[in-house]
2 protein chains.
Amino acid sequence: MSKVRTRRQSASAAAPQRARLVARRTKPGRPPKNSADPALRERILDVAEAQFSRHGYDAVSTRAVARAVGATPAMIHYYFNSKRELFDAVFARRADVINTERMAALDAYAARAGANVTVEGAIAAFLRPALAKFAEGEGWRNYLTLVAQVGNKHEWGGEVMTRSFDPVIQRLIAIIRKALPGASDVNLYWAYHFLSGALLLTLSETDRIDRLSAGLCRSVDIPSIEPRMVEFAAAGFRRVCGAAPG
Amino acid sequence: MSKVRTRRQSASAAAPQRARLVARRTKPGRPPKNSADPALRERILDVAEAQFSRHGYDAVSTRAVARAVGATPAMIHYYFNSKRELFDAVFARRADVINTERMAALDAYAARAGANVTVEGAIAAFLRPALAKFAEGEGWRNYLTLVAQVGNKHEWGGEVMTRSFDPVIQRLIAIIRKALPGASDVNLYWAYHFLSGALLLTLSETDRIDRLSAGLCRSVDIPSIEPRMVEFAAAGFRRVCGAAPG
DNA sequence: TCAATAATTAATCAGGCGATTGATTAATAC
DNA sequence: GTATTAATCAATCGCCTGATTAATTATTGA
């Protein structure tokens, strides 16, 4: 990691302007090895992930991330080069993990079920890794909330999602296609689209359903959600794709 | 509309700084009546709606809105008081229209169907106004995209949605409850949540499905979407709410 | 030992932001 | 005809933003 760049130096330099309000931790220079704080890079990713997921990309400033992590803005420029690259790093960090897991779950299901694949089984295999991670802890919950937010965003949201998740989705559809012979691709894609919307809204953690149901349903209650989402989507797939109901 | 506020005046005033790059339209002062541009207020709402829906609240500056509309930032302060109030005005402008229409459609359906209400009928009545408006033209499309974006947003997104749309949703659920006697509220609310996610993603106009399906499905193709979404959701409701399939 | 390199801070740059004021001009009300 | 009110612009305030540099310090490797 080295930076070379040449440019002018202002040379004005008047007014040293000290008077620091909140105690900065160290003096300039590389910190001694036992001054704690290993893996600052990772901590930056953690708080960026949390802030992006809570407030959205545009509402988060790199300075706010730096402040929350107890570092200077320059450290973010040092490890990542720009705000956008910081975001991409956040997004990429967990993408491989979950993609690998999902693909493995789908493959395992397809192998296990053989010719007896069902829509329910395929959808469950597709959803379980994501929902399990969501339930697992704060880091993954923040990440998936972020994914959900990006999924509904214009600009570069679409590309990012496509690049990251399309292969797994195509695998899911291929398996469902075997369970619903005769289903047209158009119908399969639309049905997946609806499932995707249901999943994204569920992961997005607005307290929408909590309010709507006056507390009867809780948006973080994965054990309640998973079987219902599987059944809802499977029934929808069957109907839209023209299979006999039941 | 009057403004009273007292504060200091800087009195520095040096450097008049002219040299305007893009020709400003008029001199200061109220424009003469036939100088075109009636209803500037409405035009501000239009471009704010378009920009908010395309880039999201945080990525849009009031200055950018002013620029696009050919006015000064002060005009936005004049008609609306702050960025947030501008947003609220955008959101509120069409909310009543669509809410009234949706509620009327649900009432009409309930009256028409009497004791023979079906899940399909209720969902169709709920969806049709929104999807029809979406297909109708750019203004409504922008608005509904904005709604979808807000629906997946944290911060104040949840409240805004709740305040605007809960009554209609409760009416929908009440009708479906009649079509599915014995369904528990928990199941009804979760099923609605999934339907809501499918709708929001569809309205959000990311070109997600277009890419995924390699152009086979088009996200703006309402005539294709409507019957499929109705069937998908109705089948899901039946299944989750424990009715016999079919 | 000493040069290279890694990790940090302070300071700054140029520009954008939301908001507000005061002056200015036309329309309207009395 | 004059006072009030409506609608506009130019100018600015104070603050925040992303990005970058130079200096500084510790570690590492030859």
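Scope of the values below: all heavy atoms of this structure, side chains included, with no hydrogens, waters or symmetry mates.
Computed from coordinates, the A:Asn81 CG to D:dT20 C1' distance equals 11 Å when rounded to whole Å. The OH-C1' distance, from A:Tyr78 to C:dT8, rounds to 8 Å in whole Å. If you take CZ of B:Phe87 and P of C:dG18, they are 14 Å apart, rounded to a whole angstrom. Atom CZ of B:Phe80 is separated from atom P of D:dA7 by 12 Å (rounded to the nearest Å). The nearest whole Å value for the distance from the CE atom in B:Met75 to the C1' atom in D:dA10 is 13 Å. For the pair A:Arg67 CZ and C:dT9 C1', the computed distance is 16 Å after rounding to whole Å. The nearest whole Å value for the distance from the CG atom in B:Leu40 to the P atom in D:dA6 is 16 Å. One interatomic measurement links the two molecules: CD1 of A:Ile76 to P of D:dT17, which rounds to 12 Å at whole-angstrom precision.
A side-chain contact (heavy atoms from CB on, under 4.5 Å) with B:Phe80 is found for one member of B:Thr62, B:Val90, B:Leu45, B:Asp88 and no other, namely B:Leu45.
Less than 4.0 Å separates DNA chain D from at least one heavy atom of each of the following residues of residues 48-64 of chain A: A:Val60, A:Ser61, A:Thr62, A:Arg63.
A cation-pi arrangement is present between A:Arg84 and A:Trp156 under the rule of less than 6.0 angstrom and at most 45 degrees off the ring axis. Taking the ring centre of B:Phe126 as origin, the terminal cationic atom of B:Arg102 falls inside the region bounded by 6.0 Å and 45° from the ring axis.
Listed by chain and residue number, B:Lys133 satisfy the side chain to side chain donor-acceptor pair (under 3.5 Å) test with B:Glu101 (two or more places apart in sequence, or in another chain).
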Evaluation steps, side-chain contact (heavy atoms from CB on, under 4.5 Å), between A:Asp166 and B:Arg208 = CA-CA 10 Å; A:Asp166 272 15; B:Arg208 195 81 191 81; 3.1 Å; yes

Do B:Ile98 and B:Phe165 pass the side-chain contact (heavy atoms from CB on, under 4.5 Å) test, and can you show the C-alpha distance, the side-chain angles, and the key distance before you say yes or no?
-> CA-CA 10 Å; B:Ile98 196 156; B:Phe165 296 120; 4.3 Å; yes

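B:Thr162 and B:Glu159 share no donor-acceptor pair across their side chains, judged by distance under 3.5 Å alone.
For the OP1/OP2 pair of D:dT8 and a distance below 4.0 Å, the side-chain nitrogens and oxygens of B:Tyr79 include at least one atom meeting the criterion. The side chain of B:His77 contributes an N or O atom lying less than 4.0 Å from OP1 or OP2 of C:dT20.
Across C:dC17, D:dG18, C:dT9, the shortest atom-to-atom separation from the side chain of A:Lys83 is found for D:dG18.
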